Student: 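The structure that follows is given in the form of structure tokens.
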Amino acid sequence: MASDEAPCDVAPPLVALPRRYCEHAALIAVIVAVAPTTADALPLAMYRYEGQAQAHCPEDAVVWLDFRKGVYYLKRHKKYGRGMAGLFVCRREASDSGFRRSLLGRR
């Protein structure tokens, strides 16, 4: 093994890494730890009142987000704006955050 191909001194390596990678191991670990993944949820702007949500996203539809079921209801659904475990959000933000549209509850 060449001098620049020596394994890291920090811990026994699973594979022998070049020395230049060992010097940046902490930086690589931080980048991997904070890198976004597809499973991460995006932050939602949640509102208690429908008018507040509509002011936040005037060109998007406002939906009622039910946290317990993980779904959102459109304005034409029976459960829109009802229940204690929900808030008003923008439709695009809700779907981008992994919530799905409810297929039940239509009038």
Side-chain angles (χ1 to χ4, degrees):
M1 192 179 299
S3 64
D4 65 13
E5 296 293 322
C8 298
D9 297 1
V10 179
L14 298 175
V15 294
L17 296 173
R19 175 63 71 186
R20 65 180 176 264
Y21 294 129
C22 296
E23 294 169 0
H24 303 292
L27 178 62
I28 293 169
V30 169
I31 291 171
V32 170
V34 298
T37 63
T38 57
D40 290 340
L42 299 174
L44 285 171
M46 298 175 274
Y47 300 96
R48 182 178 172 105
Y49 301 106
E50 182 180 8
Q52 295 171 324
Q54 192 64 59
H56 174 71
C57 52
E59 61 278 341
D60 196 9
V62 174
V63 297
W64 177 257
L65 186 63
D66 186 339
F67 296 107
R68 288 185 189 157
K69 296 180 183 177
V71 297
Y72 61 86
Y73 299 100
L74 301 173
K75 197 166 195 164
R76 65 180 181 256
H77 289 160
K78 289 179 188 177
K79 295 187 178 185
Y80 180 82
R82 296 185 182 179
M84 299 302 291
L87 290 170
F88 293 102
V89 298
C90 300
R91 182 179 183 177
R92 184 174 297 135
E93 290 179 8
S95 63
D96 289 347
S97 295
F99 293 93
R100 67 190 198 301
R101 182 174 65 94
S102 173
L103 300 176
L104 303 175
R106 288 185 162 193
R107 291 184 204 187

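Residues take their numbers from the sequence shown, with the count starting at 1. Note that the structure is a prediction, hence the values are computed from the model and not measured.
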Student: Looking at every non-hydrogen atom in both residues, tell me the closest pair between H77 and S102 and how far apart they are.
Tutor: CE1-O, 3.1 Å
Student: Could you tell me the separation between the CG atom of L44 and the OH atom of Y72, rounded to the nearest 0.5 Å?
Tutor: 11.5 Å
Student: So V63 and F99, do their side chains get closer than 4.5 Å, heavy atoms only?
Tutor: no
Student: Any idea which heavy atoms bring E50 and Y80 closest together, and the distance?
Tutor: OE2-OH, 2.8 Å
Student: Please report whether the ring centroid of W64 lies less than 6.0 Å from that of F88.
Tutor: yes
Student: Taking only distance into account, with no hydrogens and no angle test, what donor-acceptor pairs under 3.5 Å do side-chain atoms of residues 52-60 form with protein atoms, sequence neighbours excluded?
Tutor:
from : atom 1 : to  : atom 2 : distance (Å)
Q52  : OE1    : Y49 : N      : 3.3
Q54  : NE2    : C57 : O      : 3.3
Q54  : NE2    : P58 : O      : 3.3
Q54  : NE2    : D60 : O      : 3.3
H56  : ND1    : Y47 : OH     : 3.1
H56  : NE2    : E93 : OE2    : 3.0
D60  : OD2    : R91 : N      : 3.4
D60  : OD2    : R92 : N      : 2.8

Student: Measuring from atom CZ of R101 to atom OH of Y73, what distance do you get when rounded to the nearest 0.5 angstrom?
Tutor: 12.0 Å
Student: Please report the shortest heavy-atom distance between L65 and A94, naming the atom on each side.
Tutor: CD1-CB, 4.4 Å
